[in-house]
Amino acid sequence: MKKIKHFLDLDKISATDLRSIIDLSKSYKQGITSGQDTHKDKTLGLIFEKPSTRTRVSFEIAMYQLGGNVTILEHEKTHLGRGETISDTAKVLSRYIDIIVYRTSSAEKLYELAEHSSVPVINGLNDETHPCQLIADIMTFEENIGIINKKTVTWCGDYNNVCRSWVQAASIFDFKLHLACPRELIKKSEMKIIEKNKNIKIFSSANGACKDTDCVMTDTWFSMGQKVGDKKRNLLKPFQVNNKLLAIAKKKSIFMHCLPAHRGEEIEKNILEHPKSVIWDEAENRLHSQKAILNWCLK
Ligand code: CP
Ligand code: NVA
């Protein structure tokens, strides 16, 4: 029986496959691989329980550029939104469409959809992880700095879904990950995983974490669905990415942010326009890397 290739989390995919997805993303961008008509007559279904600009549009355009079709399923307008089970939905959708991107709240729901689906399922973000973002981020890092192995990446701010995918990546690729996150925001069970990885170091000061780094990165302090409040905001204030921090990082370092950004909160005003910022390339690279992810799942 044909093995279904789901793209769920980085720790479920071999290092060789991840490397080939990143390299294919670069080939799509450079036009070495056109992709035209690669997946003619295949249909991608996009299920979004949470808002999205980049993930939704980049997957949609990627599938069209590969010659396929797209159907967008607004969660609230489907029966999934009014209680039809995930397993029934997975079985029905598998009869119509060839591949599914699912953005949902919990990892459990994503894994349940994949378990009952007979077509590949891609994690389009959940509260735990955001692996598609990571593929585009590593691609952007390597375009600017070179192969990620032996380099240093600094994450400043909330210990969230994007950060967890970086933590998973640090177990696969041999680079140093500096985490400048308040310890209060990291669960004990997660702290154990971090402490076991010699490539990951937690810093109590953002300055220390940015010293000699190749890349400074951050994300919103309040992810979709999280309660916004001053207690968490005050914990995170010392980890805001500002001009001073970017000056501490290596001369040739880059700044990344998965977007959407909140100026004056996780970033000082104008940081997106800083000479070290590569955020628009990072956003563009979502398109090239989505094609590589779709191709890996469908081939
Ligand atoms: N970075 C990212 O996933 O953006 P969207 O929420 O707009 O998809
Ligand atoms: N951590 C953010 C990422 C958005 C792409 C969120 O989940 O809202």
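Just follow the structure's listing: the first ligand is 1, and inside any ligand the first atom is 1. Values reported hereafter were calculated over all heavy atoms of this structure, with side chains retained and with hydrogens, waters and symmetry mates removed.
Of the residues Phe141, Phe175, Tyr159, the one that meets the ring pair (Phe, Tyr, Trp, His ring centres under 6.0 Å) test with Trp166 is Phe175.
Taking any N or O of Met224, backbone or side chain, none lies under 3.5 Å from an N or O belonging to ligand 1. Considering both main-chain and side-chain atoms, Thr220 never comes within under 3.5 Å of ligand 2 through any nitrogen or oxygen pair. Taking any N or O of Cys258, backbone or side chain, at least one lies under 3.5 Å from an N or O belonging to ligand 1. An N or O contact shorter than 3.5 Å is missing between His130 and ligand 2 by distance. Ligand 1 has a nitrogen or oxygen under 3.5 angstrom from a nitrogen or oxygen of Arg286.
Cation-pi check for Lys5 over Trp296 is met; the charged atom lies under 6.0 angstrom from the ring centroid and within 45 degrees of its normal.
Between the side chains of Thr38 and Asn295, not a single donor N or O lies within less than 3.5 Å of an accepting N or O.
Counting only heavy atoms from C-beta outward, the side chains of Glu265 and Phe222 approach each other to under 4.5 Å.
Here the protein heavy atom with the shortest distance to atom 3 (C) of ligand 2 is Asp219 OD2, 3.5 Å. Nearest to atom 7 (O) of ligand 2 among the protein's heavy atoms is Asn161 ND2, 2.8 Å. Protein heavy atom closest to atom 8 (O) of ligand 2, with residue, atom name and distance, is Met224 N, 2.8 Å.
The proximity of Leu259 to ligand 1, defined as any non-hydrogen pair under 4.0 Å, is limited to the backbone.
Residue Leu259 has at least one heavy-atom neighbour below 4.0 Å for each of these atoms of ligand 2: 5 (C).
For Glu184 and Lys232, the salt-bridge test fails: no basic side-chain N is under 4.0 Å from an acidic carboxylate O.
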